[in-house]
Amino acid sequence: MDDGVKRIIQDPLIPEMFHRVEKLEQFLHLARTRTYAKGTIILAQGMEFDEIIYVQQGCLAVSMGADDGHQKFLFHIGEGSIGLSTFLGEYHEIQIHAVKNSTVSFFKVEQILTIFREDEKVIFDILQNLLTKVYYFMGQARDLNFYRPSSRVFRLLYNLCINEGEQVGDHYEINFSLTQKTIGEITGTHYVTVCKLFQMLDRQGIVKKGKDKMVVYDLERLKSLINEIIEY
DNA sequence: GCATTAAGGATAT
DNA sequence: ATATCCTTAATGC
């Protein structure tokens with residue numbers, strides 16, 4: 001095996017940075033390409049689907065419907081990433097909609113096979129993309145079983161700080177911010193609960209969340225909060 | 001401990 | 001100007 005196919009699976013902290021398959025960029029002429037306005041539903045529940053989605057620009061969200069009409073957010077498909085490499089019949093409950101204005105390409109099976117023949121490394125890229133998703137959702141399954149909602153939120157913040165945080169003096173800065181709403185979606189906790197938790201963190205000076213920056217003032221305290229019972 | 005609902009205020013586009 | 005996000009309180013499991 002040459003180095004081109006030797007890779008490491010790293011766990012994505014948030015479900016939108018799965019392995020990119022940018023090699024598909026060279027094969028866009030084989031695909032059907034469309035643009036979607038923000039909010040458009042690309043794949044509705046129960047719609048047959050046998051293509052691979054590649055997002056050139058923008059961002060899509062994949063969610064799964066529940067009996068009561070609720071949609072459980074699953075993951076984002078960002079630029080350079082792919083979606084639904086599995087082929088759905090008409091009895092699935094997946095929905096995909098555009099989060100931003102997006103241009104996305106659709107590859108049919110035969111086209112994908114052609115690409116595989118021309119550049120077999122694309123196979124590994126697609127496998128890698130799928131495996132990071134599988135690994136991510138294995139982690140989700142564990143978290144939902146073993147941690148309470150408050151723990152899941154704190155764990156996410158802690159991991160973000162460890163992995164993306166930049167130490168500045170005595171504190172850490174995370175140079176992007178998630179909305180409380182998306183933190184709720186990712187961790188499976190209600191957004192009102194997320195709000196209360198951030199209030200607590202703010203009041204105790206542990207974490208302050210800004211518009212496009214989060215700073216962690218007390219990483220050890222944040223870590224210990226993961227295993228504490230929170231009073232609301 | 002947390003979800004849910006509702007309702008009003010705050011920001012983003 | 002309108003949609004989206006955040007806050008707060010009340011209630012229920």
Side-chain angles (χ1 to χ4, degrees), chain A residues 13-17 34-45 55-79 93 95-104 137 139-161 164-165 171-218 220-232:
Chain A
L13 296 167
I14 50 179
E16 57 187 47
M17 271 129 56
R34 278 203 53 181
T35 68
Y36 295 93
K38 177 182 177 181
T40 315
I41 292 181
I42 291 155
L43 174 67
Q45 198 159 324
V55 176
Q56 289 186 49
Q57 286 167 34
C59 183
L60 311 183
V62 181
S63 57
M64 197 164 202
D67 294 335
D68 56 7
H70 284 91
Q71 288 285 330
K72 165 61 183 160
F73 166 78
L74 296 175
F75 62 95
H76 283 134
I77 311 177
E79 293 179 8
E93 295 169 322
Q95 188 191 91
I96 303 181
H97 71 271
V99 177
K100 307 175 186 170
N101 292 338
S102 305
T103 101
V104 2
F137 284 106
Q140 285 277 100
R142 175 201 55 192
D143 291 353
L144 289 170
N145 274 285
F146 293 153
Y147 297 91
R148 287 168 293 104
S150 65
S151 304
R152 297 198 295 266
V153 173
F154 292 147
R155 260 169 53 86
L156 175 65
L157 292 177
Y158 179 75
N159 287 330
L160 280 177
C161 187
E164 313 280 339
H171 60 275
Y172 295 86
E173 298 190 352
I174 303 167
N175 291 310
F176 64 92
S177 193
L178 305 166
T179 66
Q180 294 183 181
K181 184 172 175 287
T182 63
I183 290 176
E185 287 175 341
I186 291 171
T187 59
T189 106
H190 198 92
Y191 66 97
V192 175
T193 303
V194 176
C195 177
K196 289 172 182 166
L197 293 173
F198 268 104
Q199 272 178 208
M200 197 212 78
L201 292 174
D202 187 274
R203 275 201 283 266
Q204 299 192 21
I206 302 168
V207 177
K208 305 259 183 199
K209 184 173 117 51
K211 181 175 116 58
D212 36 29
K213 179 197 262 193
M214 291 187 289
V215 333
V216 179
Y217 293 98
D218 194 343
E220 283 310 304
R221 184 84 188 93
L222 177 60
K223 186 180 181 182
S224 67
L225 276 177
I226 295 172
N227 296 309
E228 288 182 23
I229 307 290
I230 309 303
E231 302 285 339
Y232 284 90

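Numbered from 1 within each chain, the chains take letters A, B, ... in sequence-line order.
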Quiz prompt | Residue whose closest nucleotide on DNA chain B lies nearer the 5' end, A:His70 versus A:Ser150 | solution = A:Ser150
Exercise. Tell me whether the OP1 or OP2 atom of C:dC6 has a side-chain N or O from A:Gln199 closer than 4.0 Å.
Key: no
Practice problem: Check whether any side-chain heavy atom of A:Thr189 sits under 4.5 Å from a side-chain heavy atom of A:Ile183, and report yes or no. | Solution: no
Exercise. With A:Phe154 as reference, evaluate A:Thr187, A:Asn227, A:Ile206, A:Leu201 under the side chain to side chain contact (heavy atoms under 4.5 Å, CB included) test and give the passing residue.
Key: A:Leu201
Self-check item: Interface residues of residues 179-187 of chain A with DNA chain C (non-hydrogen, below 4.0 angstrom)
Solution: A:Thr179, A:Gln180, A:Lys181
Quiz item: Under 3.5 Å, side chain of A:Ser177 to main-chain N/O of A:Met214, donor-acceptor pair present?
Solution: no
Quiz item: Are A:Glu220 and A:Lys223 close enough that some pair of their side-chain heavy atoms sits under 4.5 Å apart?
Solution: yes
Quiz prompt | A:Asn175 and A:Glu164: CA distance, side-chain angles, deciding distance, side chain to side chain contact (heavy atoms under 4.5 Å, CB included) verdict | solution = CA-CA 8 Å; A:Asn175 291 310; A:Glu164 313 280 339; over 6 Å; no
Self-check item: Sidechain-backbone polar pair: A:Gln95 side chain, A:Ala44 backbone, donor-acceptor under 3.5 Å
Solution: no
Quiz item: Considering heavy-atom distances to DNA chain B, does A:Val192 or A:Ile229 have its closest nucleotide positioned more toward the 5' end?
Solution: A:Ile229
Quiz item: Between A:Lys208 (side chain) and A:Arg203 (backbone), is there a donor-acceptor pair under 3.5 Å?
Solution: no
Practice problem: Look at the side chain of A:Asp202 and the backbone N and O of A:Phe198, then say whether any donor-acceptor pair between them is shorter than 3.5 Å. | Solution: no
Exercise. Measure from NZ on A:Lys38 to P on C:dA3 and round the result to the nearest Å.
Key: 11 Å
Quiz item: Given atom NZ of A:Lys196 and atom C1' of C:dA9, what is their separation to the nearest angstrom?
Solution: 9 Å
Exercise. Describe, in one word, how the ring planes of A:His171 and A:Tyr217 are oriented to each other, choosing from parallel (under 30°), tilted (30 to 60°) and perpendicular (over 60°).
Key: tilted
Quiz item: So where does chain A start and stop touching DNA chain B, 5' to 3', when the test is distance under 4.0 Å to a non-hydrogen atom?
Solution: B:dG1 to B:dA12
Practice problem: List the steps, then state whether side chain to side chain contact (heavy atoms under 4.5 Å, CB included) holds for A:Gln71 with A:Gln45. | Solution: CA-CA 11 Å; A:Gln71 288 285 330; A:Gln45 198 159 324; 3.8 Å; yes
Practice problem: Let me know the distance between OH of A:Tyr191 and P of C:dT4, rounded to the nearest Å. | Solution: 14 Å
Quiz prompt | A:Thr35 side chain vs A:Thr103 backbone, donor-acceptor pair below 3.5 Å | solution = no
Quiz item: To the nearest angstrom, how far is A:Met200 atom CE from C:dT8 atom P?
Solution: 15 Å
Practice problem: Using a 3.5 Å limit on both pairing distances, list the dot-bracket string of DNA chain C from the 5' end; Watson-Crick and G-U wobble pairs count, crossing pairs take [ ], interstrand pairs take |. | Solution: .||||||||||||
Self-check item: Protein-nucleotide distance (A:Leu178, atom CG; C:dT4, atom C1'), rounded to Å
Solution: 16 Å
